[in-house]
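The next block holds one structure in the form of structure tokens; read it before the comments.
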Amino acid sequence: MIKKTLLTISACALIQFFAFPQFKLSADFRPRAEFRDGYQTLSEPGEKGVFLITQRTRLNASFKDKNKIESFLSFQDIRTWGQFNLNTTASTVNLYQAWVKFNVVDRLRLKLGRQEFEYDDLKILSNSTWRLQARTHDAALLEWQSADSSFQVHLAGGVNNAREVQFQTAFNDAGYYKNMGMVWLNKKFESTELSFLFLDLGRQLADTTINHFKTIGIYGVQRFGDMKLTGSFYLQRGENQADQNVAASMAALQLQVPLSQRFSLTGGFDVLSGTSAENLQDPTFNETNSFIPLYARRHRYFGIQDMFYAGGFNVPGGLADYFLKFRYKVSDKWSTAIHAHSFSTRESIFDTENSTITDDKHLGYELDTFVTYKPYSNMTVSFAYTHFFATESMRILKQRGDEDELAHFAYLQLSYTPTLFSK
């Protein structure tokens, strides 16, 4: 009798243990073959294009216990095929995400650890997923939402050091920040959505003083039946890591119009302020008017050839990108798209080769073509080919290459996200 009772209690305990927790183990495989011949910059005469294959592999584990405490772990390996041979002792796996999320009080949750930030139109904060390494932040995130989920408030902050230390040392990584503070407000109405973003990045100088680089902006969505109008406006103020005063802005607007069940048309612009060549050449001008799209999903915007704001290249004179995008859904599995861009700088450009200033701001055109095939819900095959038609001003801006050389880029990418185990 006692034995049966113990077995019953044990069985009930096991049932309770396995009934409440939710566990999921998944993977993310993303090999991508690329042909680069004028990707991110213009080719010099005689330079040959390169064919390469890159791969990002992730192993993800998520867990939610009976107290509704969530946790997530993600490890990733990134490489170019052939970069590491089988005999290497170099570490190639790193921690991409590691966070825990729990209720503080009703409707108020705290998320601690390495995590992705993705907000609004992804022009300031995104996971930059096109890049092999992508983007995460070591931060604390406090999330609150109203009872009907129509209003949200997010507060985030983080402090970084290069290593564990006993006294303050300078943390001046050019691509990162010493500390960060973020406020995001979002309100949804019946056919309208509005957001406010404030982001303060503290950049530390060599003497350990901190300059505060601030981005403030609004984002909105308005639906007119099946049409969708999206716009955003951002200001940047404060001081940058070069100890210059910052006064820059960005405005974006796009209208998406479905012409049929399968065909849609999107048109709009992204305009980013810049610093004129005259001011850049003036040693007494201690200010920058060049807007930096920070952690934007840059491959989505400004053309997929990544000529602007990618690979560490910012556009001193600013950028105006006017675009028109066509998308056709062939079937539930196949879709195609064509994107056309016209690029210009906002300000004059300094020609270092001839030590002159040019007022010809037109940089060129880009034509992007896409084919997407989705054979299964967790698998996507993407092909893209793009061609950049450069001008002399583009060569002057890049300070290399020849505008008459062919500038094109193509890729074929497989994305597979299987669930390995779940309960």
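The analysis underlying the following values was restricted to heavy atoms, covering all of them including side chains, and did not include hydrogens, waters or symmetry mates.
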* Contacts of type salt bridge (Lys or Arg N to Asp or Glu O under 4.0 Å), residue Arg298, not counting sequence neighbours -> none

* Counterpart residues, side chain to side chain contact (heavy atoms under 4.5 Å, CB included), relative to Asp207 (two or more places apart) -> Leu205, Thr209

* To do: Please name all residues satisfying side chain to side chain contact (heavy atoms under 4.5 Å, CB included) with Leu25, sequence neighbours left out, ordered by chain then number.
  => Phe23, Leu59, Ala61, Leu420, Phe421

* Heavy-atom pair with the smallest gap, counting every atom of Asn240 and Asn211 -> O-ND2, 3.0 Å

* Might you point out which heavy atoms bring Asp28 and Ser415 nearest each other, and give the distance in Å? => OD1-OG, 4.5 Å

* So, Tyr295 versus His137: side-chain donor-acceptor pair below 3.5 Å or not? -> no

* Considering non-hydrogen atoms only, spot the tightest contact between Gln236 and Phe213 and give its length. => OE1-CZ, 3.5 Å

* **Rounded distance [0.5 Å steps], OG1 in Thr352 versus CD in Gln399** => 4.0 Å

* Structure fact -> Residue set satisfying salt bridge (Lys or Arg N to Asp or Glu O under 4.0 Å) with Glu239, at least two apart, ordered chain then number -> none

* To the nearest 0.5 Å, tell me how far Lys178 NZ sits from His212 NE2. => 12.0 Å

* Hey, are the side chains of Thr275 and Pro316 touching, using non-hydrogen atoms and a 4.5 Å cut-off? -> no

* Starting at CG of Asn186, measure out to CG of Leu197 and round the result to the nearest 0.5 Å. => 11.0 Å

* To do: Can you measure from CG (Asn378) to OG1 (Thr417) and round to the nearest 0.5 angstrom?
  => 5.0 Å

* To do: State, yes or no, whether a side-chain contact exists between Phe308 and Leu397 at a heavy-atom distance under 4.5 Å.
  => yes

* Asked: When rounded to the nearest 0.5 angstrom, what distance separates CZ in Phe63 from OG in Ser71?
  -> 6.5 Å

* Does a donor on one side chain sit under 3.5 Å from an acceptor on the other, for Arg135 and Asn127? -> no

* Given side chains that start at C-beta, do those of Leu199 and Met180 come closer than 4.5 Å, heavy atoms only? -> yes

* **Residues in side chain to side chain contact (heavy atoms under 4.5 Å, CB included) contact with Gln55, at least two apart in sequence or another chain** => Pro31, Thr57, Trp81

* Atom OH of Tyr365: over 12 foreign heavy atoms under 6.0 Å -> no

* Asked: Taking only residues two or more places apart in sequence, or in another chain, which ones meet Phe389 in a ring-ring contact (aromatic ring centres under 6.0 Å, His included)?
  -> His387

* Contacts of Phe291 that satisfy ring-ring contact (aromatic ring centres under 6.0 Å, His included) - sequence neighbours left out -> none

* **Side-chain touch Leu319/Asp270, heavy atoms, less than 4.5 angstrom** => no

* To do: Count the heavy atoms of every other residue, nucleotide or ligand shown that sit under 6.0 Å from CD of Glu44, and state whether that count exceeds 12.
  => yes

* Asked: Counting only heavy atoms not in Asp226, do more than 12 sit closer than 6.0 Å to its CG atom?
  -> no

* Structure fact -> Value for OG (Ser290) from CD (Gln244), rounded to nearest 0.5 Å, stands at 8.5 Å

* To do: Taking all heavy atoms of Ala170 and all of Thr208, pick out the closest pair and write down the distance.
  => N-CG2, 4.0 Å

* Asked: Would you call Ser382 and Arg32 a side-chain contact if the rule is heavy atoms closer than 4.5 Å?
  -> no

* Using a distance-only test with no angle check, is there a side-chain donor-acceptor pair under 3.5 angstrom linking Ser150 and Lys187? -> yes

* **Derivation of the side-chain contact (heavy atoms from CB on, under 4.5 Å) call for Val381 and Leu412** => CA-CA 7 Å; Val381 181; Leu412 179 64; 4.0 Å; yes

* Asked: Tell me, do Leu141 and Gln115 make a side-chain contact under 4.5 Å, heavy atoms counted?
  -> yes

* Tyr328, Phe383, Tyr373 screened by ring-ring contact (aromatic ring centres under 6.0 Å, His included) with Trp334, the one that passes -> Tyr373

* **Residues in ring-ring contact (aromatic ring centres under 6.0 Å, His included) contact with Phe302, at least two apart in sequence or another chain** => Tyr309

* To do: Establish, from distance only, whether the side-chain atoms of Thr192 and Gln222 form a donor-acceptor pair under 3.5 Å.
  => yes

* Asked: Are the side chains of Asp120 and Trp184 in touch, meaning some heavy atoms are under 4.5 Å apart?
  -> yes

* Asked: If you count the non-hydrogen atoms of other residues, nucleotides and ligands that lie under 6.0 Å from CG in Asp332, is the total more than 12?
  -> no

* Heavy-atom count around Phe51 CZ within 6.0 Å, excluding the residue itself: above 12? -> yes

* To do: Applying side chain to side chain contact (heavy atoms under 4.5 Å, CB included), name anything that partners Phe72, two or more places apart in sequence or on another chain.
  => Asn60, Ser62, Ser74, Gln97, Trp99

* Asked: Which heavy atom in Thr41 sits nearest to a heavy atom in Met307, and how many Å separate them?
  -> N-SD, 3.5 Å

* Flag, side chain of Thr80 to backbone of Gln83, donor-acceptor distance under 3.5 Å -> no

* **Minimum-distance pair of heavy atoms, taken over all atoms of Leu294 and Leu201** => CD2-CD1, 3.9 Å

* Asked: Does atom NZ of Lys111 have more than 12 heavy-atom neighbours from other groups under 6.0 Å away?
  -> yes

* Please list, chain by chain and in numerical order, all residues satisfying side-chain hydrogen bond (donor to acceptor under 3.5 Å, both in side chains) with Lys374, sequence neighbours excluded. => Thr380

* **Donor on one side chain, acceptor on other, Asp306 and Tyr39, under 3.5 Å** => yes

* Between Tyr385 and His408, what is the ring plane arrangement, given parallel below 30°, perpendicular above 60°, and tilted in between? -> perpendicular

* **Test side-chain hydrogen bond (donor to acceptor under 3.5 Å, both in side chains) applied to Thr129 - qualifying residues, sequence neighbours left out** => Arg56

* Asked: How would you list, by chain and number, every residue that makes a ring-ring contact (aromatic ring centres under 6.0 Å, His included) with Phe370, sequence neighbours excluded?
  -> His339

* If we ignore angles and hydrogens, is there a donor and acceptor under 3.5 Å between the side chains of Ser264 and Gln256? -> no

* Answer yes or no: does atom CZ of Arg107 have more than 12 heavy-atom neighbours from other residues, nucleotides or ligands under 6.0 Å? => yes

* Asked: Stepwise, does the side-chain contact (heavy atoms from CB on, under 4.5 Å) test hold for Ile216 with Phe196?
  -> CA-CA 8 Å; Ile216 307 167; Phe196 167 81; 3.7 Å; yes

* To do: Specify whether Phe29 and Tyr416 have parallel, tilted or perpendicular ring planes, treating 30° as the upper limit for parallel and 60° as the lower limit for perpendicular.
  => parallel

* Asked: With distance as the sole criterion, is a donor-acceptor pair present between the side chains of Glu193 and Tyr219 under 3.5 Å?
  -> no

